[in-house]
Amino acid sequence: MHALQIVATVVAWLVFAGAVVMAVRAGRYFVRLFRVGASDPSRFVAKGQRTATMLREILGHTRMLKWTRVGVAHWFVMVAFGALLFTIVEAFGEVSNPRFEWPVIGHWAVYGLLMELIAGLCWISIIVLIIIRQVNLPRRRSRSRFLGSTAWQAYYVEWTIFAICASIFAIRTFKIAAGDFPYPTWATPLSHAFGSIFTGMPTGTALNLVTICALVKLLVSWVWFIVIGLNLTMGVAWHRFLAFFNIFFKRNSGGALALGPLKPMTDADGKPLDFEEADPEKDPFGVAQVEQFTWKGLLDFTTCTECGRCQSQCPAWNTGKPLSPKLLVLSLRDHAHAKAPYLLAGGGKDATGEEKASQEQLAGVDALALAEADRPLIGGPDEGGVIDPDVLWSCTTCGACVEQCPVDIEHVDHIVDMRRYQVLIESSFPTEAGVMLRNLENKGNPWGANPNTREDWTKSLDFEIPRVGSDEATDFEYLYWVGCAGAFDDRAKKTAKSVATLLHEAGVKFAILGEGETCTGDPARRMGNEFVFQMLAQQNVETLNEAFEGRDKGRRKIVASCAHCFNTLAREYEQLGGEYSVVHHTQLLADLVSAGKLTPVSPIEGGVTYHDPCYLGRHNRIFEPPRELIGAAAGAASGHGGPAGNGAAAGNGGPAADGAASGLTEMPRFAERSFCCGAGGARMWMEERIGKRINVERVEEARSTGAKTIAVACPFCMTMISDGVNATKPDGVDAEDDVEVLDVATVLLRSLGK
């Protein structure tokens, strides 16, 4: 062993030892910090199912591949991160002995080929990812998804991977130049191509260069661990380890996203909170301090890769609002880690706001950590808040961020948790939303309409609708949940009449609750008032259980024409003991058309585009039924009644090209990437004062398709899209000649010639 090999070996092992120390130190720190968070025992059930979900998502890259080019490139980099550990061991041998090869497998051509492929594809893939980042830099693209990401960290990680791959081929290159490479050209073509450049190099020089390149590879690899050990908020690097845990502990063990039902409020033990038994001095009412997030929340924040996918899809961010899901998570992450010395010393506030730690415990805590501990979680610039109120209240809870996140961060749950404290304890929320809450409490509907008029929409129908409890409603199959909008909003009343008429035409036996119905509580819950939600929900559950008395769940059938009511009845009332078989009206109508009980005969002129309601599509994965109905209605023009076939653009097909055959022209953003109308998260009852109106953005997209009808499947969307159409009506165009907004049920009813 020459002096060069001796020095290289000592340096390599010293740096390796430092890397191990930093990695162990970081791991212990993360465990201690996450344990500060609130309890959440629900994350530990179904371990086998969780393991299968984690392996499927990670090995199959199911979330990453939603963006195909990035996903494929990232998959090769991920595989290389594990597989190239073999070359790390080789490099340790090569710094001492440049002729070193693995025992047994070190001369197998298959092993040489495998490492060649993995390293080569990783090298190409990281170059692709570097180019993608450069093309999408904030200085080149407005509203870039990388705006706000920590640039130097991303560059460091990318060039580290690039350098490791380059080092692997450099080692092989100089082994070939030294005439000491065991693999044939067919197995390692790239290495031999590089090696041919240095033909004729002295053997000793080539072997020394092998040692130097091996040392560089080890230094690049282990210094990376030291750097990330010194930067514990470096999510672009730490997600390589934390993502396994974050996906394993996701809310739904079966792999479903944290969408649909909200995570219920929990007590100090992590169990669902019962307001009648809650202890205000012990149980948190929402999140007021970062440590009141669950430990999974703290893991979420630390796992964020800063990729900006959530940001790129967020309707608030895309219309000039201050909310970026990514920047919100990064703010919470940085705050949690800056506050960590105080928290790990025993600091923190109880439910009443009293300090839990003694002065002795906090005596050695850094002044910066103490200052961070004094910052309010929610507050404007003058208050030094971590999250600005305008950020918190810009969210529509559409779920686009959760849909896109490759590491399963649960943004919506965290946002609503912060809203809960602001509403329930601080009484701090947009003024106009207070009117809605008072209406819910006093009138049972957000408009404050007289509950006695809930059935007035039925008066213009030429048939009677049985009311639950009457003699005529003893054998109904479906309970039609009209919803507050269908009962009180003029535009939504048309949808309610269309649904009722279609059910009547198809011979479906259905009934309504009439005055017995009250708001499901969705707006209250999404804005954070869990108390009002539970009050309304318990009232409805009691009413529904009485209406379905004697029936099992399979026969407790409800059809809802509001996506928000549908989500609440089907997914959230289970949390309060209400178990029903709930369908959206588009699902039931699609089944009726398929069964031949409804047959479209009249064409829909001018083309149709469809807006996916967030709470129907993204939150509940119902994409096909509305498109089938539109396809059936359009098919009537060519004499082909019934649901559309493959041309129906069934949610996961291509855009306009696939939909055009069935009369449906998709917008650029549709199905799971549909752009929100702006009404969710109780935003329907709040003024939109910052940036461009979300509904205007969506309507402009709808107009770009050239379709004369915009079909919707939710009364909230009906209101927002209709208002957007009015706001964007071209000069000189009469209202009757402009784009028309119709519920899918009304589109179908017209195609029946009604």
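In what follows, every heavy atom counts, from backbone to side chain, and hydrogens, waters and symmetry copies are set aside.
In this structure, Asn529 CG and Leu440 CG are separated by 8.5 Å, a value rounded to the nearest 0.5 Å. Remark: Leu259 CG to Cys401 SG distance equals 8.0 Å, nearest 0.5 Å. Rounding to the nearest 0.5 Å gives a distance of 12.5 Å between CD1 of Ile415 and CZ of Arg526. Distance check, rounded to the nearest 0.5 Å: CG of Leu589 to CD of Glu505 gives 12.0 Å.
For the residue pair Thr709 and Arg750, no side-chain donor N or O sits within less than 3.5 Å of a side-chain acceptor on the partner. At a cut-off of 3.5 Å, with distance as the only test, no side-chain donor of Thr53 or Lys250 sits close to an acceptor on the other residue. Checking Asn445 against Asn439 by side-chain atom types alone, no donor-acceptor pair falls below 3.5 Å. The closest side-chain donor-acceptor pair between Asn567 and Asp522, if any, does not fall under 3.5 angstrom.
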Query raised in the report: Hey, mind stepping through His584 and Asn620 against side-chain hydrogen bond (donor to acceptor under 3.5 Å, both in side chains) and telling me if it holds?
Result: CA-CA 10 Å; His584 189 257; Asn620 285 284; over 6 Å; no
**Report entry** Steps toward salt bridge (Lys or Arg N to Asp or Glu O under 4.0 Å) verdict (Arg467, Glu517)
**Finding:** CA-CA 11 Å; Arg467 278 67 171 172; Glu517 188 181 295; over 6 Å; no
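Listed by chain and residue number, nothing satisfies the salt bridge (charged side-chain N to carboxylate O under 4.0 Å, His left out) test with Lys494 (two or more places apart in sequence, or in another chain). For Glu688, the salt bridge (charged side-chain N to carboxylate O under 4.0 Å, His left out) test picks out Lys321, with sequence neighbours left out. With sequence neighbours left out, Lys557 forms a salt bridge (charged side-chain N to carboxylate O under 4.0 Å, His left out) with Glu477. Among residues two or more places apart in sequence or in another chain, the salt bridge (charged side-chain N to carboxylate O under 4.0 Å, His left out) test is passed with Asp462 by none. Considering only residues two or more places apart in sequence or on other chains, Arg551 meets the side chain to side chain contact (heavy atoms under 4.5 Å, CB included) condition with Phe476, Phe548, Arg555, Arg556. Legend: residues meeting ring-ring contact (aromatic ring centres under 6.0 Å, His included) with His564, ordered by chain and number and at least two apart, are Tyr615, Phe716. Legend: residues meeting side chain to side chain contact (heavy atoms under 4.5 Å, CB included) with Val541, ordered by chain and number and at least two apart, are Asn545, Tyr573, Tyr580.
Within the structure, ring pair (Phe, Tyr, Trp, His ring centres under 6.0 Å) pairs that include any residue of residues 480-521 comprise Phe463-His504 (at least two apart or interchain). Counting only residues at least two apart or on different chains, the ring pair (Phe, Tyr, Trp, His ring centres under 6.0 Å) pairs with a member in residues 246-277 are Phe44-Phe249, Phe249-Trp295, Phe275-Phe285, Phe275-Phe531. Legend: side chain to side chain donor-acceptor pair (under 3.5 Å) pairs involving residues 253-276, not counting sequence neighbours, sorted by first then second residue: Gln49-Ser253. Every pair passing side chain to side chain donor-acceptor pair (under 3.5 Å) that includes a residue from residues 717-726 is listed here, sequence neighbours excluded: Arg491-Asp723.
Asp612 places a side-chain N or O within donor-acceptor distance of the main-chain N or O of Ala671, the cut-off being under 3.5 Å. A donor-acceptor pair is defined here as one N or O able to donate and one able to accept, closer than 3.5 Å; no such pair exists between the side chain of Ser561 and the backbone of His585. With Arg525 contributing its side chain and Phe533 its backbone, the two residues share no donor-acceptor pair below 3.5 Å. Looking only at distances, no side-chain donor or acceptor of Asp40 sits under 3.5 Å from a matching main-chain atom of Gly270. Between the Arg618 side chain and the Glu672 main chain, a donor and an acceptor come within less than 3.5 Å of each other. At least one donor-acceptor pair closer than 3.5 Å links the side chain of Ser751 to the backbone N or O of Leu748.
Leu437 has its side chain within reach of Phe429: a pair of non-hydrogen atoms, C-beta onward, lies under 4.5 Å apart. Taking 4.5 Å as the limit, every side-chain heavy atom of Leu752 sits out of range of all side-chain heavy atoms of Thr501.
Closest approach of Arg50 to Arg43, counting heavy atoms only: NE-O, 3.1 Å.
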Listing, residues 678-686 side-chain donor-acceptor contacts under 3.5 Å, not counting sequence neighbours, or none:
residue : atom : partner : partner atom : Å
Arg683  : NH1  : Trp393  : O            : 2.6
Arg683  : NH2  : Glu687  : O            : 2.7

